[in-house]
Asker: 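Input: one structure, supplied below.
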Amino acid sequence: MDLENQSDKALAYVTFCLSLGIVDLMHGLVRLPILATFAADMVKSFEGTILRGWFVYAFGLVLPFLEALIGISLILGLLTKWALLAGSLLMSILIFGTCLRSDWATVGVQMIYVIAYFLAFLFLECNQYSLDRISRSRKRE
């Protein structure tokens, strides 16, 4: 029964990371075709804050790529620990910016992502169906 319970936890984990990865990937992919517009819109939304327009624009150009890379990593289960760390840190940066804009409703939504990353980190030991697991198995041989 314990083996079945571990398998169930591993299945739950892989579906959770798959969903989180799809969200991250799609956040990035839908912005790539409109990258310059997305970055310019970010600059407008940060007018009146302490952040300089050039910095916001540069961040807006990089953000979709980071989101897509984190998403791909989580979907494949490749470097999962580091993808979760990167995603968590990225959420902290996004929350900081959102707080500067006093957009508290969006901060609330972003906190849901923070909880998702926390849970994925907390249950990282359940990461059994992943490229990380295959890589670990090959290193032992």
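Starting from 1, each residue takes its place in the sequence as its number.
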Asker: Say whether Ile112 and Leu122 are linked into one hydrophobic cluster, either directly or through other cluster members, by side-chain heavy-atom distances under 4.5 angstrom.
Answerer: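 Per the 4.5 Å side-chain linkage, Ile112 and Leu122 are not co-clustered.
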Asker: Taking the side chain as everything from C-beta on, heavy atoms only, tell me whether Val114 gets closer than 4.5 Å to Ser88.
Answerer: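 Sidechains of Ser88 and Val114: no contact.
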Asker: Can you tell me how far the CZ atom of Phe46 sits from the CZ atom of Phe59, to the nearest 0.5 Å?
Answerer: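 Result: 8.0 Å between the selected atoms.
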Asker: Taking atom OG1 of Thr37 and atom CE of Met42, what is their separation to the nearest 0.5 Å?
Answerer: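 If we round to the nearest 0.5 Å, Thr37:OG1 and Met42:CE are 13.5 Å apart.
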Asker: When rounded to the nearest 0.5 angstrom, what distance separates CG in Leu94 from SG in Cys99?
Answerer: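 Answer for the CG-SG pair, Leu94 versus Cys99, is 11.0 Å.
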Asker: Distance check, rounded to the nearest 0.5 Å: Leu25 atom CG versus Leu18 atom CG?
Answerer: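 Leu25 atom CG to Leu18 atom CG measures 10.5 Å (nearest 0.5 Å).
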Asker: Roughly how far, to the nearest 0.5 Å, is NE2 of His27 from CD1 of Ile22?
Answerer: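 Going from CD1 on Ile22 over to NE2 on His27, the span is 13.5 Å.
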Asker: So does Ala10 get a backbone contact from the side chain of Tyr129, meaning a donor-acceptor N/O pair under 3.5 Å?
Answerer: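 Not at all, since once roles are kept as given, no pair shorter than 3.5 Å links the two residues.
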Asker: Tell me whether the count of non-hydrogen atoms from other residues, nucleotides or ligands lying under 6.0 Å of CH2 in Trp54 goes above 12.
Answerer: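 No, CH2 of Trp54 has 12 or fewer neighbouring heavy atoms, counting only those of other groups under 6.0 Å.
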Asker: Does atom CZ of Phe121 have more than 12 heavy-atom neighbours, drawn from other residues, nucleotides or ligands, at distances under 6.0 Å?
Answerer: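 Check passes, neighbour count above 12.
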Asker: Under 3.5 Å, is there a donor-acceptor pair linking the side chains of Asp8 and Tyr13?
Answerer: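 No pair is found: no donor N or O on one side chain lies under 3.5 Å from an acceptor on the other.
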Asker: For residues 61-86, which side-chain N or O atoms pair as donor and acceptor with protein atoms under 3.5 Å away, sequence neighbours left out?
Answerer:
residue	atom	partner	partner atom	Å
Glu67	OE1	Arg31	NH1	2.9
Glu67	OE2	Arg31	NH1	3.0
Ser73	OG	Leu78	O	2.2
Thr80	OG1	Gly77	O	3.4
Thr80	OG1	Asn127	ND2	3.2
Thr80	OG1	Asp132	OD2	2.7

